[in-house]
Each structure stands twice: as C-alpha cells, then as structure tokens.
Novice: 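Take this structure, written in structure tokens, and hold onto it; I'll ask about it next.
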Protein chains: 2
Amino acid sequence: MKKSNAVKSLTALAQESRLDIFRLLVRKGKTGMAAGELSDYFGLPKATMSFHLKELTNAGLITAKRESRSIIYAANYDNMNALINFLVENCCSDNGGKC
Amino acid sequence: MKKSNAVKSLTALAQESRLDIFRLLVRKGKTGMAAGELSDYFGLPKATMSFHLKELTNAGLITAKRESRSIIYAANYDNMNALINFLVENCCSDNGGKC
DNA sequence: AGAATATTTCGATTATAATAGAATTATGGA
DNA sequence: TCCATAATTCTATTATAATCGAAATATTCT
C-alpha cells in the first residue's frame with residue numbers, strides 16, 4: 001500500500017460514525033448493506049450517510065455496487081489487510097527484529 | 001479497546017508526518033528515538049514535532065520517557081495490536097464467520 | 001410517461017486540526 | 001550560579017472536515 005492511500009484510509013476511519021459503519025460492514029461480510037439500511041440503522045440523515053460512505057469508498061475501505069434501486073456497500077478486506085500490514089511493516093527491524 | 005480510544009488513535013495516525021513518525025518508531029523497537037532526533041530526521045521544526053508527538057502519546061500509540069535531557073519516544077505495541085484487533089473484531093460474524 | 005423509491009450532490013454553516021516562531025520549562029555541566 | 005542543550009507550551013494564522021436540508025439523479029413499477 002502507498003502512503004497516500006494509508007493516510008486516506010486512516011482519515012476515513014478516524015471519525016466515529018465512519019468507524020461504526022466500517023466495523024458493522026466488517027461484521028456483515030460480503031453480503032453487505034444498502035445505504036438506506038445503514039442510514040436507518042445508525043439514525044443518520046441520508047445526506048450525512050452518503051457523505052461518509054463516499055469517504056470510505058474513496059479510501060478503498062468499502063466497495064459499492066448497485067443492486068436495483070439500492071446501492072450495496074461491503075467491506076473491502078484486501079484493503080483492510082493491506083492497511084494493517086502497512087502499519088506494522090518491518091516491525092523492530094532496526095532493533096534485531098525482536099518484538 | 002474502547003471506541004473513543006480507537007478514534008483517537010486513528011486520528012493520530014491519519015496525518016502524513018505522524019504516520020511517518022509512528023512507522024519509524026515501529027521499526028526502531030523498544031530503544032526508540034529522542035524528540036530532537038526525530039525532528040532532525042524528518043526536517044520538521046521542534047514545535048511541530050512536539051505537537052505531533054503529543055498527539056501520538058495522548059492516543060497511547062507511543063510512550064515517552066525522559067532520559068537525561070532527552071525525551072525518548074517508542075512505539076506502544078500493545079496499543080497498536082489492540083487497535084488492529086478492534087478494527088477486525090467479529091469479522092464476518094453476521095455472515096457465518098466465513099471471510 | 002408519471003409516480004414512488006433509493007441515493008447522491010449542492011451549498012452554506014459550524015467545528016476542528018496543522019503549522020511554526022517566540023517564550024518557557026527542565027536538565028546537566030563548568 | 002550561569003550557560004548550553006533539549007523539549008514543550010503559547011498564540012495566532014491558515015487549512016481542512018462534518019453536518020444536513022433541499023434539489024437533483026437513477027431505477028423500477030404501473
């Protein structure tokens with residue numbers, strides 16, 4: 001993962017609503033949830049939810065696919081794992097590799 | 001980890017300089033680095049570095065200990081792991097646990 | 001085509017964070 | 001005690017992000 005992508009992903013997650021949304025989608029698995037469902041679930045206005053979903057999508061943390069009238073959002077596990085690996089990369093390598 | 005702590009940690013990491021600082025300290029291991037060394041290494045003014053180190057310390061991502069005139073900063077691996085676990089917690093549990 | 005549903009974009013307001021020079025605090029040595 | 005070194009806090013400026021009502025876009029059904 002590139003650093004700019006990591007900053008974008010972390011910025012996306014560094015917000016209470018978006019962290020909630022992302023973690024719910026992580027639990028939901030690949031079936032995901034529609035934007036409106038998420039809006040109802042968290043009691044957030046549709047415009048606000050849409051803004052947050054866009055941030056998460058732009059960061060690559062979630063995917064969006066249209067299904068009839070709804071747009072279904074789901075966690076992007078590859079990107080999530082890439083972010084985690086980026087954070088712990090070369091852990092303790094300047095100290096003999098012992099952590 | 002509590003959600004408020006997670007948001008604080010993610011906010012701390014969601015900034016290019018701080019992400020660089022944290023990842024360097026992750027590589028450095030428990031010997032860590034002094035504030036001034038970090039300031040020189042990244043070419044940042046001392047006040048700016050101090051501000052970033054405070055953010056990372058308040059989030060619990062790094063520790064600070066005085067050693068003579070210097071203050072040595074080091075990655076807090078426990079908190080880092082707790083943050084990662086918080087992000088992936090109950091992954092796919094609403095979808096049969098298969099990821 | 002027209003109505004209903006699902007979601008996004010626009011735009012204005014409000015709140016929060018980054019930057020860095022200057023002043024301040026803390027430690028150790030002559 | 002006086003000076004040098006190391007780091008932080010203060011303060012003002014500048015930049016970025018969150019919120020949500022209203023309008024716009026996209027899809028499906030009759």
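Quick note on labels: first sequence line is chain A, next is B, and so on, each numbered from 1.
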Novice: Are any of B/Arg18's side-chain N or O atoms less than 4.0 Å away from OP1 or OP2 of C/dA18?
Specialist: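 Indeed, a polar side-chain atom of B/Arg18 lies that close.
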Novice: Between the side chain of A/Arg27 and the main-chain N/O of A/Gly29, is any donor-acceptor distance below 3.5 Å?
Specialist: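 Not at all, since once roles are kept as given, no pair shorter than 3.5 Å links the two residues.
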Novice: Restricting to non-hydrogen atoms, name the atom on A/Phe42 and the atom on A/Met49 that form the minimum distance, rounded to 0.1 Å.
Specialist: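 In this case the closest contact between A/Phe42 and A/Met49 is CD1-CE, 4.0 Å.
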Novice: Using atom types as modelled and distance alone, determine if a side-chain donor or acceptor of B/Asn76 lies under 3.5 Å from a backbone N or O of B/Thr63.
Specialist: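 No, because the side chain of B/Asn76 does not come within donor-acceptor range (under 3.5 Å) of the backbone of B/Thr63.
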Novice: A/Leu83 and A/Asn5: side-chain contact (heavy atoms from CB on, under 4.5 Å), yes or no, with the steps?
Specialist: CA-CA 9 Å; A/Leu83 175 63; A/Asn5 189 185; over 6 Å; no
Novice: Quickly work out the A/Lys65 NZ to D/dT27 P distance and round it to whole Å.
Specialist: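 Going from A/Lys65 (NZ) to D/dT27 (P), I get 16 Å.
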Novice: Rounded to the nearest angstrom, tell me the gap between atom CD in A/Glu67 and atom C1' in D/dA26.
Specialist: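 The answer, rounded to whole Å, is 16 Å.
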Novice: Starting at atom CD of B/Glu55, determine the distance to atom P of D/dT8, rounded to an integer number of angstrom.
Specialist: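 Roughly 13 Å, once rounded to whole Å.
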Novice: Which listed nucleotide (D/dC20, D/dT19, C/dG28) is nearest to the side chain of B/Ser68?
Specialist: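 Given the options D/dC20, D/dT19, C/dG28, the side chain of B/Ser68 is closest to C/dG28.
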Novice: What is the separation between atom CG on B/Asp40 and atom C1' on D/dA6, rounded to the nearest whole Å?
Specialist: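 Going from CG in B/Asp40 over to C1' in D/dA6 covers 11 Å.
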Novice: Do other residues, nucleotides or ligands put more than 12 heavy atoms under 6.0 Å from the OH atom of A/Tyr41?
Specialist: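 No, OH of A/Tyr41 has 12 or fewer neighbouring heavy atoms, counting only those of other groups under 6.0 Å.
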Novice: Quick one: is B/Gln15 getting a side-chain N or O under 4.0 Å of the C/dT19 phosphate, OP1 or OP2?
Specialist: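 So the side-chain polar atoms of B/Gln15 do come within 4.0 Å of the phosphate oxygens OP1 or OP2 of C/dT19, strictly under.
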Novice: Do A/Ile21 and A/Tyr73 have side chains that approach each other closer than 4.5 Å (heavy atoms only, starting at C-beta)?
Specialist: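 When only atoms from C-beta onward are counted, A/Tyr73 and A/Ile21 do not touch, as no gap falls below 4.5 Å.
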Novice: Given C/dA17, is OP1 or OP2 found less than 4.0 Å from the side-chain N or O atoms of B/His52?
Specialist: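 Looking at the OP1 and OP2 atoms of C/dA17, neither is under 4.0 Å from any side-chain N or O of B/His52.
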Novice: Atom CG of A/Asp20 and atom C1' of D/dA18: how far apart are they, to the nearest Å?
Specialist: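 Distance check: A/Asp20 CG to D/dA18 C1' gives 15 Å.
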Novice: Apply the side chain to side chain contact (heavy atoms under 4.5 Å, CB included) test between B/Met33 and each candidate in B/Leu38, B/Ile72, B/Ile62; give the one that qualifies.
Specialist: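 Testing each of B/Leu38, B/Ile72, B/Ile62 against B/Met33, the sole residue satisfying side chain to side chain contact (heavy atoms under 4.5 Å, CB included) is B/Leu38.
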Novice: Listing time: all N or O pairs from protein to nucleotides 7-12 of chain C that are below 3.5 Å?
Specialist:
unit_1: C/dT7; atom_1: OP1; unit_2: A/Ala35; atom_2: N; d: 3.3
unit_1: C/dT7; atom_1: OP1; unit_2: A/Ile71; atom_2: N; d: 3.3
unit_1: C/dT7; atom_1: OP2; unit_2: A/Gly36; atom_2: N; d: 2.6
unit_1: C/dT8; atom_1: OP1; unit_2: A/Tyr73; atom_2: OH; d: 2.2
unit_1: C/dT8; atom_1: OP2; unit_2: A/Ser50; atom_2: OG; d: 2.8
unit_1: C/dT8; atom_1: O5'; unit_2: A/Ser50; atom_2: OG; d: 3.0

Novice: Roughly, in whole Å, what's the span from CG in B/Leu19 to P in C/dA18?
Specialist: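 After rounding, the gap between these two atoms is 13 Å.
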Novice: Send over the distance from A/Leu44 CG to D/dT19 P, rounded to a whole Å.
Specialist: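 Interatomic distance, CG of A/Leu44 to P of D/dT19: 8 Å.
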Novice: A/Glu16 CD to D/dA17 C1': how many Å, rounded?
Specialist: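 Rounded to the whole Å, the gap is 16 Å.
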